[in-house]
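Working notes, structure below.
Here the structure is a predicted model, which means the values were calculated and not measured. Just follow the structure's listing: the first ligand is 1, and inside any ligand the first atom is 1. All values below were derived from every heavy atom in this structure, side-chain atoms included, with hydrogens, water molecules and symmetry-related copies excluded.
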Amino acid sequence: MIYSTKVLSQLIIESCVAYNVEHVIISPGSRNAPLTIGFTNHPKIKTYSIVDERSAAFFGLGIAQQTQKAVVLVCTSGSALLNYYPAVAEAFYSNIPLIVISADRPKHLIDIGDGQTIRQENVFTNHSLFNANLNDGDDSVEENKKLISKAIQLAVLKAGPTHINVPFDEPLYETINKLTINDIDIKPITIEKEIDYDLEDFAKIWNTAAKKIILIGANYPDELLQQQLNKLVTDDSILVFTETTSNVHHPKFINSIDKLIFPLQDIDFEALKPDVLLTLGGLIVSKKIKQFFRKHQPKHHWHVHSEKSLDTFHCLTRHFELSATMFLNYFTSLVENRSSDYQKFWLTVKESRNKKHNQFIKSVEFSDFKVFDTILGKIPNNVQLQLGNSSVIRYVQLFDNNPSIKVFCNRGTSGIDGSTSTAIGAASISKEQTVFITGDISFFYDSNALWNKYIPANFRIILINNGGGGIFKILPGPKKTNALDYFETQHNLTAEHLCKMYNLEYIKATNSAEVSNKLENFFSDNNPKLLEIFTPNNSNDIVLKNFFKNL
Ligand SMILES: Cc1ncc(C[n+]2csc(CCOP(=O)(O)OP(=O)(O)O)c2C)c(N)n1
């Protein structure tokens, strides 16, 4: 074995291994050499080398999203660290465990004019669960051990990002073949939580309410949750609203929220308004549901989340600090079905919306909307679908999705700066084929994602190139200004040259027939591919508007 001579490097690496960290993404630099030497030589660690720290961090986020285990990011000193910030913020809001380890200079070299040096300690304070600022003094070993252990454990237990800043003095590249530190003894930390298991009063409210909505946001696929919800939806007084990223399915779930509620007037909203709203899972995409519940607030809003108490609709009355499955496990034993025509009525509305949707699709012209219909109809079973932000995630929410498909999207901060990198990270670790659908601005923004040796052969990108940020044409505001182009940022770029540079098979389509055709063999064969679909920049928004009008 080869180890860095630096005690701090040994402490960090042995601690990561002791706490079962498996994946470490390293970006190049000298200051982090003690960590690079240690991690790459450790048989229990899989290391990855990615140059661009912004992309490296999102790639790590993609692995952590799929494994639900902490991933470590390692970088050198200076601005390298700051490039992790977008992914750190995403991990913070999406509850994904990430451990950032940044190499730094010793304190006496900060702010005196040394090169590649910035104030690194606590840079992520606003969006991290813990910041361990290590000390390089010989008498700090025990304190450092505690800080490292806390940073690793909090990332895992509280599912979010933590930061370990570690000063290394030169020389940086010296190695030995025996550890100089003692074995790391694992000291589990406990997190104080006020868990109130007395749900009986809540069950009473629930059992007397004639109208209940369960709304499910982003959620890692979970068979137990699916079963619990299958049981709940047998109750006629319950409506289950799901987002595409909730990864639960049932014919009786309202899976396309915007489609159901778009045509409603105030009087209908009052009829739909539940007595109790129960929200499970992570963040909600649908803007319309937020507007609905903010304007027509239910008397009770209970949010179930093991970490976050989110008052998304400004009417939260209770946060249950539990996982959804733990909560439902207990709660479902206390509740009983009651008869009501609430569910039946709204499922009839859902059916009528679907009829109109199907009629509309029959005659719709070539557009983003039409392209989503075709793509979603052709994606094979059991793939993992990664979605870009902007209108991509919103279009997908308008269609019925194949229940065998798992869906993920960076909705923590809804950034367009790391979706491709995240998708590639997720693809690199997944057994299933990963298909990534993205808009053009998002794709070109994160094109360094393709500068990556770990793209699996079955990875597929579907790039919907509508020549700019199409969302800004859909939103009513930008068009009213004299500065639409500063929102939409039109361009004539194509991904063709990037594909050549990064060795992806490039395929293009410019009309409905071509899209159908090119998708036929797109998912087979063993090399990564990108299908670029050019859609008409000037009519996409009109088609979408007509779709909603037609409902
Ligand atoms: C990092 C970041 N910068 C800016 C934005 C604001 N923004 C939201 S959508 C969007 C345009 C996205 O365009 P594209 O990816 O082509 O998707 P489309 O709107 O056409 O669906 C921008 C700039 C953002 N979400 N994240």
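- The stretch residues 415-431 participates, sequence neighbours left out, in these side chain to side chain donor-acceptor pair (under 3.5 Å) pairs: S55-S421, Q384-S430, N410-T422, S421-D446.
- For residues 490-506, no pair satisfies salt bridge (charged side-chain N to carboxylate O under 4.0 Å, His left out), with sequence neighbours left out.
- In this structure, the protein non-hydrogen atom closest to atom 5 (C) of ligand 1 is I416 CG1, 4.1 Å.
- Both the sub-6.0 Å distance and the 45° axial angle are satisfied by R460 relative to the ring of F522.
- Remark: aromatic rings of H314 and F293 are distant, center separation not under 6.0 Å.
- Aromatic ring centroids of Y85 and F124 lie under 6.0 Å apart.
- Distance from atom 9 (S) of ligand 1 to its nearest protein heavy atom, with residue and atom name: S390 OG, 3.3 Å.
- The single protein non-hydrogen atom nearest to atom 15 (O) of ligand 1 is S442 OG, 2.5 Å, given as residue, atom name and distance.
- For ligand 1 and N466, the ligand atoms under 4.0 Å from any heavy atom of the residue are 20 (O).
- Under a 4.0 Å criterion applied to the non-hydrogen atoms of G468, ligand 1 contributes the atoms 16 (O), 20 (O).
- Within the 4.0 Å heavy-atom cutoff, G388 does not count among the residues contacting ligand 1.
- Considering backbone and side-chain N/O of S414, one or more are found under 3.5 Å from N/O of ligand 1.
- Atoms of ligand 1 lying under 4.0 Å from at least one heavy atom of G470, given by number and element, are 18 (P), 19 (O), 20 (O).
- For F369 and F360, the distance between ring centers is under 6.0 angstrom.
- Those atoms of ligand 1 with a heavy atom of I471 less than 4.0 angstrom away are 9 (S), 18 (P), 19 (O).
- Between I441 and ligand 1, at least one pair of N/O atoms sits closer than 3.5 Å.
- The proximity of F472 to ligand 1, defined as any non-hydrogen pair under 4.0 Å, is limited to the side chain.
- Between H497 and Y506, the distance from one ring center to the other does not fall under 6.0 angstrom.
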